[in-house]
J.: 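Got a structure for you, questions after.
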Amino acid sequence: MFGLADVNSFYASCEALFRPDLRGKPIVVLSNNDGCVIARSAGAKALGIKMGVPWFQVKIQDYPEKVYVFSSNYALYHSLSQRVMSALEEMTPKVEPYSIDEMFLDLTGIDGCEDFEHFGRRLRSHVLATTGLIVGCGLGPTKTLSKSAQWASKEWKQFHGVLALTPQNPKRTETLLASQPVEEIWGVGRRIGKRLNLMGIETALQLARVNPALIRKNFSVVLERTVRELNGESCIPLEEMPPAKQQIVCSRSFGERITSKVSMQQALCQYATRAAEKLRGENQNCRHIGVFIRTSPHAQGEVFYGNSAGEKLAIPTQDTRDIIEAAMRLLDCIWLEGRRYMKAGITLDDFTPNGVNQLNLFDERQPRRNSAQLMKILDDINHSGLGNVWFAGQGINTEWKMKRDMLSPGWTTCWADIPKARVL
DNA sequence: TCTGGGGTCCTAGGACCC
DNA sequence: TCTGGGGTCCTAGGACCC
């Protein structure tokens, strides 16, 4: 048996956690640059504020109630996610962090000892007691079914956020799947949902009844696995140890459009630095580096321009200097003067773990001397919380940096921001 | 008239997830 | 004026090998 724990309205709940005055109020969290709505509290959903809409299109002054708006505060969300994770691990030994607000649980040991829904409710109150956050919990014989159960636990209020599907109760599984539209199934998105609809398949139950071989022929093995999982055949295992990353991306929209090459170089230099830090954090070296830049696809009266370029290095690296150098060369290949750029990013690919770098026998280029030591010192200083060092190419006080006008304090990540309690 | 068989590797693009 | 960021996996097709 698998479980799926999902924190209700995660980002919005995090914002309310240290602001008791906001409990039950409409809360909205915006994407980077305060661009789109990416999370809403129950109150905000009730007002009809939609997920993913551009913030400037939302007229909050028209709502009957005050809406509390926040820029996204990933340091806060990440630290609270860790707390939820620890709380879950206290009750189930095997937990797979699936996303910042969702964790899969291995319930093998619970089988036969405790009623699954009873266990789910205990889990829920334990997480609430230790973190102040409320999780929904779906349980089922496969990951896909536990996702469906979790979906239904929100849909049907009488379950109070905990629902178990078991082989002992096939009737309940059938009823649930018959009421779940295909595009709500884990692994079925809008595209495949539409195609299935055209074939007359509209509910999860209908999909479950299709011959898997037929699905494989017309779609792919991925959807075939989904069909099998809906029938209780577990095809997707729990992964306790996250597999090594295969790619690192660092990209961002700008607070203000970039028009000068120097500014673009600064931005890419910063993203390259960040990407290289992540790479070292994974104990990996990369061999392929890619850069992309683009103007806004929404701008009226402007011709869209987007381009990317990539380069394969002679020797895999994790040295920030190599990555910045490559990024600057790549920018030279794709930079076009006279455009208003909205976004840029860098990708690192083709990894080899530390310590297995094979040099080319005839290659004259040698790796930099003392690279590892220098990068370690750099990372140590920047992680110390005492100061920062960076490459001059990043510039200072850059006008294009991200807009985060409504950022909440780092309640759990910054000493100066620790909440203060006062006894009256 | 007739033009093999079996394989690997790489890339781009499409789909999905949160 | 203003529209997010970071990932994964699979497939098809081309280049190349013997």
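Residue numbers begin at 1 in each chain, while the letters A, B, ... track the order of the sequences. Because only heavy atoms are used, hydrogens play no part in the values below, and waters and symmetry mates are left out as well, while side chains stay in.
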J.: Is there a side-chain polar atom (N or O) of A:Lys343 under 4.0 Å from OP1 or OP2 of C:dG5?
T.: yes

J.: If you look at every strand shown and take non-hydrogen atoms under 4.0 Å, does A:Trp55 touch a base, only sugar-phosphate, or nothing?
T.: nothing

J.: Assess, by modelled atom type and distance only, whether the side chains of A:Thr108 and A:Asp106 contain a donor and an acceptor separated by less than 3.5 Å.
T.: yes

J.: Mind checking A:Asp101 for me? I need base, sugar-phosphate or nothing, with any heavy atom below 4.0 Å counting as a touch.
T.: sugar-phosphate

J.: What closest approach, in Å, do A:Asp319 and A:Ser371 show between heavy atoms, and which atom pair accounts for it?
T.: OD2-OG, 2.7 Å

J.: Would you classify A:Leu30 as touching base, sugar-phosphate or nothing, given that sugar-phosphate means primed atoms plus P, OP1 and OP2, and contacts are heavy atoms under 4.0 Å?
T.: nothing

J.: Residues from residues 37-46 of chain A sitting under 4.0 Å of DNA chain C, heavy atoms only?
T.: none

J.: Using the ring-ring contact (aromatic ring centres under 6.0 Å, His included) rule, take A:Phe119 and A:Phe116 through it: C-alpha gap first, then chi angles, then the decisive distance, then the call.
T.: CA-CA 5 Å; A:Phe119 175 78; A:Phe116 285 114; 8.0 Å; no

J.: Looking just at side-chain N and O atoms, do A:Ser253 and A:Asn33 make a donor-acceptor pair shorter than 3.5 Å?
T.: no

J.: Whole angstroms only, please: what is the CD-C1' distance between A:Glu102 and C:dT8?
T.: 15 Å

J.: Between A:Lys147 and B:dC18, is there a contact of a side-chain N or O with OP1 or OP2 at under 4.0 Å?
T.: yes

J.: Using only heavy-atom distances, determine whether the side chains of A:Gln318 and A:Asn354 contain a donor-acceptor pair under 3.5 Å.
T.: yes

J.: Quickly work out the A:Asp350 CG to B:dA12 C1' distance and round it to whole Å.
T.: 16 Å

J.: Taking for each residue the nucleotide of DNA chain C bearing the nearest heavy atom, is the 5' side occupied by A:Pro243 or by A:Ala299?
T.: A:Ala299

J.: Rounded to whole angstrom units, what separation is found between the CG atom of A:Asn218 and the P atom of B:dG14?
T.: 20 Å

J.: Just to be sure I understand the geometry, which residues of residues 245-279 of chain A put a non-hydrogen atom under 4.0 Å away from DNA chain C?
T.: A:Lys245, A:Gln246, A:Gln247, A:Ile248, A:Val249, A:Cys250, A:Ser251, A:Arg252, A:Ser253, A:Arg257, A:Lys278

J.: Output the pairing pattern of DNA chain C as a dot-bracket string, 5' first, Watson-Crick or G-U wobble with both distances under 3.5 Å, | for cross-strand pairs, [ ] for crossing pairs.
T.: ....||||||||||||||

J.: So what does A:Val221 hit on the nucleic acid, given a heavy-atom distance under 4.0 Å: a base, only sugar-phosphate, or nothing?
T.: sugar-phosphate

J.: Using the C1' atoms only, state how far C:dG4 lies from B:dC17, rounded to an integer number of Å.
T.: 15 Å

J.: Can you find a heavy atom in the side chain of A:Tyr11 that is under 4.5 Å from one in the side chain of A:Leu80?
T.: no

J.: Hydrogens and angles aside, do A:Arg280 and A:Thr320 bring a side-chain donor and acceptor to less than 3.5 Å of each other?
T.: yes

J.: Locate the shortest heavy-atom distance separating A:Leu4 from A:Ser146; write the atom from each residue and the value.
T.: CB-OG, 3.9 Å

J.: Provide, to the nearest angstrom, the distance between the CD1 atom belonging to A:Ile49 and the C1' atom belonging to C:dT3.
T.: 17 Å

J.: Expressed as a whole number of angstroms, how long is the span from A:His78:NE2 to C:dG5:P?
T.: 18 Å

J.: Can you check the A:Tyr11 OH to C:dG4 C1' distance for me, whole Å?
T.: 10 Å

J.: When you measure from the centre of the six-membered ring of A:Tyr68, is the NZ or CZ of A:Lys66 under 6.0 Å away and within 45° of the axis?
T.: yes

J.: Do A:Tyr98 and A:Glu239 pair up side chain to side chain, a donor and an acceptor below 3.5 Å, judged on atom types alone?
T.: no

J.: Identify whether any heavy atom of A:Lys194 sits under 4.0 Å from a base atom; if not, whether one sits that close to sugar-phosphate; answer base, sugar-phosphate or nothing.
T.: nothing

J.: Let me know which of A:Val182, A:Leu230, A:Leu177 forms a side chain to side chain contact (heavy atoms under 4.5 Å, CB included) with A:Leu205.
T.: A:Leu177

J.: Output the rounded distance in Å from CZ (A:Arg225) to C1' (B:dC16).
T.: 12 Å

J.: Take the protein atom CZ of A:Arg191 and the nucleotide atom P of C:dT11, then report the distance between them rounded to whole Å.
T.: 18 Å

J.: At what distance, to the nearest 0.5 angstrom, does CG of A:Leu76 lie from OG of A:Ser81?
T.: 11.0 Å

J.: At 4.0 Å (heavy atoms only), tell me whether A:Leu223 reaches a base, stays on the sugar-phosphate, or touches nothing.
T.: nothing

J.: Might you work through the ring-ring contact (aromatic ring centres under 6.0 Å, His included) test for A:Phe2 and A:Trp186, ending with a clear yes or no?
T.: CA-CA 14 Å; A:Phe2 293 89; A:Trp186 186 46; 9.7 Å; no

